[in-house]
Each structure stands twice: as C-alpha cells, then as structure tokens.
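As structure tokens, the structure follows; a few thoughts come after it.
Convention: sequence-line order gives letters A, B, ...; per-chain numbering from 1.
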Number of protein chains: 2
Amino acid sequence: MDKPGIPRPTLSRLPLYHRFLAQVSEAGRAVVSSEEMGRALNLPAAQIRKDLSCLAEFGRPGVGYEVAELLANLEEFLGLANDKEAVVVGAGRLGQALASYPGFAAYGLRIVALFDVDPAKIGLEVAERPVFALEKLADLVGRLHIQMGIITVPAAAAQAVADAMVAAGITVIWNFAPARVGVPAGIWLESEDLASHLATLSYHIKRRGRKA
Amino acid sequence: MDKPGIPRPTLSRLPLYHRFLAQVSEAGRAVVSSEEMGRALNLPAAQIRKDLSCLAEFGRPGVGYEVAELLANLEEFLGLANDKEAVVVGAGRLGQALASYPGFAAYGLRIVALFDVDPAKIGLEVAERPVFALEKLADLVGRLHIQMGIITVPAAAAQAVADAMVAAGITVIWNFAPARVGVPAGIWLESEDLASHLATLSYHIKRRGRKA
DNA sequence: TAGATTGTTAATCGATTAACAATC
DNA sequence: TAGATTGTTAATCGATTAACAATC
C-alpha cells in the first residue's frame, strides 16, 4: 500500500511545480515550458517533463504546458482542493504555531482541535480551536472522521501518541517530535525531524570552519 | 564545495544513529551490533555498517560497536559539541517557537537574537532573546561571527532575507519559509518546506479515500 | 515549412542490498 | 576452536540525465 506507482522523489517535487505554476498563473501567463520551469526551480528540464508525465500527457510539443490546465491537474492529483481535517496532539509552542498558521488553509487543511495532557492547557483556546484532554482523542477523531494527526509532543511521548492516533482511526500522521516512530502498514507517516536536519547543518558549519 | 565525500542519504541517517546510541548509552549498554541498531531504527544492518564505515572503522568483528566510542565519534563528526550561534529572522509564531525550543541546546545551537521588520515586535524579548530591526542584521552577524541564519518570514520575503544573510557573512541557512530560495555556491541551505510535505500528505489522504 | 518543445527511450549515475572473507 | 559480526566487494535496484523521434 506504500508504493503507489509514483516515485517518492517525483511526488516530493510536484508541490514545487504546483507552487511555481500558481505564481505564474497569478502573473497572467498562459503557457510555460519545462525549460523555463527548470530555470526557475533549479531543476533539469528533462526531470520536470519526466515527473509531469507521471500524471498524464499535458504538454504540447513545440508549445509547452498550458498553465491553467497543469495547475488544475496538479491540484487534483495532490488532492489540495479536498477538505482535510487534522488534530494536533501537543499544545506547546510548536503545536500552537502550527494550529495558528493561516497558510494551511490554502492546502485545504483545517486543524479542528488540539490535545494535551497538561491540565493547565486543557480548556484553553488556540486560534479559536479548543484544547482537549488527550483521553478525548479517540472520541473526537471517530465522530468527525479526522484523517490526519499532527504530533508535537516531546520525543518520549511520540510513540504512544502515534499508537493512540492509529487506534482512533487516523491514517496519515505528520510527526514533528524528534523521535523515530513506528506505524503499522497502511498508515502514512511523514516526519519533520528538525533535530536531524539540525545535526546535518551542524556538520556543514563544522566543515566551513569558523568564520573569523 | 557541496560534495564532501559523504553521500547525502548517509549524512541524513547519522543523526538517527547518534540519537539511538545516546539512548543506548543512557541505558548503560557498552556494545551494540549493526543488527540491533537496524531493528530499532528499521533500517537494514548492512546499510548501517556501510554508513558508519564512512567515518572510520570502529566496530570489532564478532563483537559489535563500542557504544561510547561510536557515540563520541558521531558527535565529533557532526560537530554537535561545537558551539554554534544562530539568528532567527521573522519573529512570528514559528520564529518564536524555534527561539524558545530548549532542545536545540543539546545540539550546541544557541539562538542569540531575532529580527523582524514589524515595529510592534522590535524591542520585544522572546525567551530572553532580543528582537531587533532587520537593518541591524549585518552589524550583529558581523560582530558576533554568527554562522547560521534561520528564516521564518512569509514566502514573499524569504529570498531577500536569504540575500541579506549571505551578504552579512552567514554560510549556513535553515529556511522554514514556504518558498524556494537560491543561494550562491559555498552557502549551505537546508529547507524545511512544510507546505511541500503537507501537499505530499494531502496526496496520501486522497489515496486512502475518505474514512466514513 | 522551420523552429520549438514534448514524451520517452536508453545510458548514466549513485545508492541499497546481499554475500562473504577477514577478524575477534 | 566455534560462533558472531564486521568492513567491503559485487550485484541489484531505482532515479537522473541525455538524446531524439514525434508533434505542434
């Protein structure tokens, strides 16, 4: 269930194309070539053509891609127009920042509630979303058929939260905790893992040597 | 200057090994095998051995890896023990969340100041760090030899901020803005791009079909 | 038509995995 | 020694890139 046919690297580039096309569309352009997209996104034109051919054949040889058509198809393919509802578990600073971020709406994502175990946080409102006790997770997820769970708890609690999400019926998890979490087959997990990225950056700072 | 010899996928896994070894060390274990690490991290043992052999030869055939030694070497290799100083540009919710996150200290990262263009934010304190006017960026970065810049501004401002960071002498940039930014050769850029990950998650929600 | 650009095939590249001799 | 596990070589896999016939 994990191999959908579309290669992961390709899938991860589609949002870039979508974003670029939205800008180009905004600017009133009707047609773009893979060459031009490549220059703007710093990717080889051949890769872009290959990626786009995973969806369908859109382009017209000798002309390029029709912006509106390609944009609409990417939006459809990625499911961006569909309404998606998510809960955030962990109402700390990061959880609050995500719950308050207005940009998610453009992707069809609505965060409907936060959960926490801290009695001081339960009952609060964050950007007009309620903060509930973690025990209420299964009930709310089940009643509202929530599809996505966002984990913003400390590392030590991450696995237990993921397990609770899966048990509640969530099938897509976005994990921000600095911990490796395991999920059963059939559950899609994407981890941000800032700590790992930070370690990578640390390596590159070391390689640069100290400026001075 | 971008190809250091170590493959990017390998580099991105090293922090996982480091984290696992820190846990194992905490638990008092003296030796681990690649097999055991692989089970814990859900990676093939052969891949772990290959990755680790990029650093040096640590393991003892028939025995395994000495936890303390490997941990120390990873820490050294990734430069985690070195002090690193960063500035955050964009003192919104995400910028504040990052500036307040206590976990970065374990990676040697200290955020020394935030910057913003909003007069209402300039002069505030976030987790005991000052918020300065963006114009002051070059001065502070130059005087303190800041190595890392963290971008948490809206997409439209990201490129200008990156340019200002580079001009100020920053060589490693961690970008959280949902925009592709370009940097000159010699500058290391790592982008979180939550929006792209969200688009990927959206695709998988669509594929699951609505639960109901 | 001539010029441009696609979609796709084939060649290249690099990473993952399996297997095993070397070593403790 | 016998059993275990490494480091590395070779085989496999999959993605990127280059080239080009097909098409507008």
A:E36 with A:R29: basic N within carboxylate O range, under 4.0 Å: yes
As a test of reading the structure: which of D:dT17, D:dC24, C:dT16 is closest to the side chain of B:Q47, going by heavy atoms? C:dT16
B:Y65 side chain N/O closer than 4.0 Å to the phosphate oxygens (OP1, OP2) of D:dG7? yes
For A:R49 and A:S34, what are the C-alpha separation, side-chain angles and deciding distance, and is it a side-chain hydrogen bond (donor to acceptor under 3.5 Å, both in side chains)? CA-CA 6 Å; A:R49 290 199 299 277; A:S34 59; 3.0 Å; yes
Per atom distances to the A:P61 side chain, the nearest of C:dT17, D:dC24, C:dA22 is D:dC24
Which residue lies more 5' along DNA chain D, comparing B:S53 with A:A46 via nearest heavy atoms: B:S53
Would you indicate which nucleotide in C:dC24, D:dT16, C:dA15 comes nearest to any side-chain atom of A:K50? D:dT16
If only side-chain N and O atoms count, and only distance matters, is there a donor-acceptor pair under 3.5 Å linking B:Q159 with B:D163? yes
Would you write out the dot-bracket form of DNA chain C, 5' to 3', with Watson-Crick and G-U pairs under 3.5 Å, [ ] for crossing pairs, | for pairs to other strands and . for unpaired bases? ..||||||||||||||||||||||
Respond yes when some side-chain nitrogen or oxygen of A:R49 is under 4.0 Å from OP1 or OP2 of C:dG7, and no when none is. no
Would you say the rings of B:Y17 and B:F20 are close, in the sense that their centroids are separated by under 6.0 Å? no
Is there a ring-ring contact (aromatic ring centres under 6.0 Å, His included) between A:F115 and A:F132 once you walk through the steps? CA-CA 5 Å; A:F115 292 85; A:F132 294 126; 5.8 Å; yes
If you compare every side-chain N and O of B:R13 against the phosphate oxygens of C:dA15 (OP1, OP2), does one of them come in below 4.0 Å? no
Between A:F104 and A:W174, what is the ring plane arrangement, given parallel below 30°, perpendicular above 60°, and tilted in between? tilted
Does a side-chain N or O of A:S34 approach OP1 or OP2 of C:dT5 to a distance below 4.0 Å, or not? no
From CD1 of A:I48 across to P of C:dT8 the rounded distance in Å is 17 Å
Which nucleotide wins on minimum distance to the side chain of B:P44, given the candidates C:dT17, C:dT6, C:dC24? C:dT17
